[in-house]
Amino acid sequence: MASGRGSNLAALLSPPPPGSTFPQRTSPGRFVAFATDKPGCPALAHARASDLAILEFPVTRATKPEFEKKVITHFLNHGVEIVVLCGYMRLVSPEFLRAFPKGVLNIHPSLLPAFPGLDAQRQAFDYGVKITGCTVHLVDDGLDSGPILAQAAVPVAHDDTADSLAAKILAEEHKLYGQTISDFCCGRFQSQGRRRISPNH
Ligand code: GAR
């Protein structure tokens with residue numbers, strides 16, 4: 001699911017860089033369906049180019065429950081077991097999470113639990129941190145609060161701007177998300193309370 005630019009989606013749907021694993025190739029998972037709350041968003045082009053089954057539905061606060069019901073039906077009709085959020089900028093409901101008990105994954109552009117919510121790269125930059133990064137986590141019913149699967153760190157250079165920092169974080173997101181999804185689909189994560197542990201992360 002995505003709401004915007006879709007660069008993470010594009011990275012997931014592209015062939016892997018040499019030497020890396022990738023969910024389409026190395027795990028039992030493959031991408032089959034896509035849904036967006038923003039009809040016409042750039043992410044759609046990537047979903048179309050990979051022949052994913054597409055659902056577009058314009059969402060307002062009033063129509064979000066209807067949208068989620070449509071997405072659940074659409075995904076279950078296409079055999080979806082694990083949902084991957086790629087810049088999907090809404091909270092998902094407990095009902096939605098219950099429909100996909102194997103997991104809903106998200107990528108967030110900060111080292112959670114620091115800087116949840118919107119514009120996390122700028123939040124971190126304005127705060128003055130020296131290291132930030134990105135986090136892949138399981139979605140729960142809070143805001144960017146589910147168990148952490150993987151993180152990548154990005155140092156903040158003295159001459160960074162919020163935009164240059166966001167670009168560096170995005171490049172790390174593109175590497176981390178595919179690897180983490182692959183490991184998750186292969187069952188490489190174990191749970192210890194809230195902790196999620198895998199040999200690669
Ligand atoms: C990415 O930076 C992603 O981490 C962020 O939105 C951007 C989407 O970019 N997601 C969130 O902030 C979710 N809380 P993309 O559309 O180019 O993948």
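Indexing begins at 1, ligand by ligand and atom by atom, following the structure's order. Side chains included, hydrogens not; waters and symmetry mates left out as well; all remaining heavy atoms used.
Nearest protein heavy-atom contact of atom 15 (P) of ligand 1 is Ser7 N, 3.4 Å. For atom 8 (C) of ligand 1, the closest non-hydrogen atom of the protein is Gly87 CA, 3.7 Å. Here the heavy atom of the protein found nearest to atom 10 (N) of ligand 1 is Ile107 O, 3.5 Å. Ranking protein heavy atoms by distance to atom 12 (O) of ligand 1, first place goes to Pro109 CD, 3.4 Å. The single protein non-hydrogen atom nearest to atom 14 (N) of ligand 1 is His108 ND1, 3.1 Å, given as residue, atom name and distance. The single protein non-hydrogen atom nearest to atom 7 (C) of ligand 1 is Arg5 NH2, 4.2 Å, given as residue, atom name and distance. Of the protein's non-hydrogen atoms, Gly6 N, 2.7 Å is the one closest to atom 16 (O) of ligand 1.
In this structure, Glu68 contributes its side chain and Val92 its backbone to no donor-acceptor pair below 3.5 Å. For the pair Lys64 (side chain) and Leu91 (backbone), a donor-acceptor distance under 3.5 Å is present. Although no hydrogens or angles enter the test, the distance criterion places no donor-acceptor pair under 3.5 Å between the side chain of Ser164 and the main chain of Asp160. The main-chain N or O of Lys69 is found under 3.5 Å from a side-chain atom of Thr73 such that the two form a donor-acceptor pair.
Inclusion of Glu173 in the set of residues having an N or O under 3.5 Å from an N or O of ligand 1 is warranted. No N or O atom of Leu170 sits closer than 3.5 Å to an N or O atom of ligand 1.
Environment of NZ in Lys168: crowded, with over 12 heavy atoms of neighbouring residues, nucleotides or ligands closer than 6.0 Å.
Contacts between Asp144 and ligand 1, counted as non-hydrogen atom pairs separated by less than 4.0 Å, involve the side chain only.
Nearest heavy atoms, Arg194 versus Ile148: NH2-N, 4.4 Å.
Each of the following atoms of ligand 1 lies closer than 4.0 Å to a heavy atom of Asn8: 1 (C), 15 (P), 17 (O), 18 (O).
Side-chain rings of His46 and Phe34 stay apart, their centers remaining 6.0 Å or farther from each other.
Counted by atom type alone, Glu56 and Thr36 present zero donor-acceptor pairs between their side chains at under 3.5 Å.
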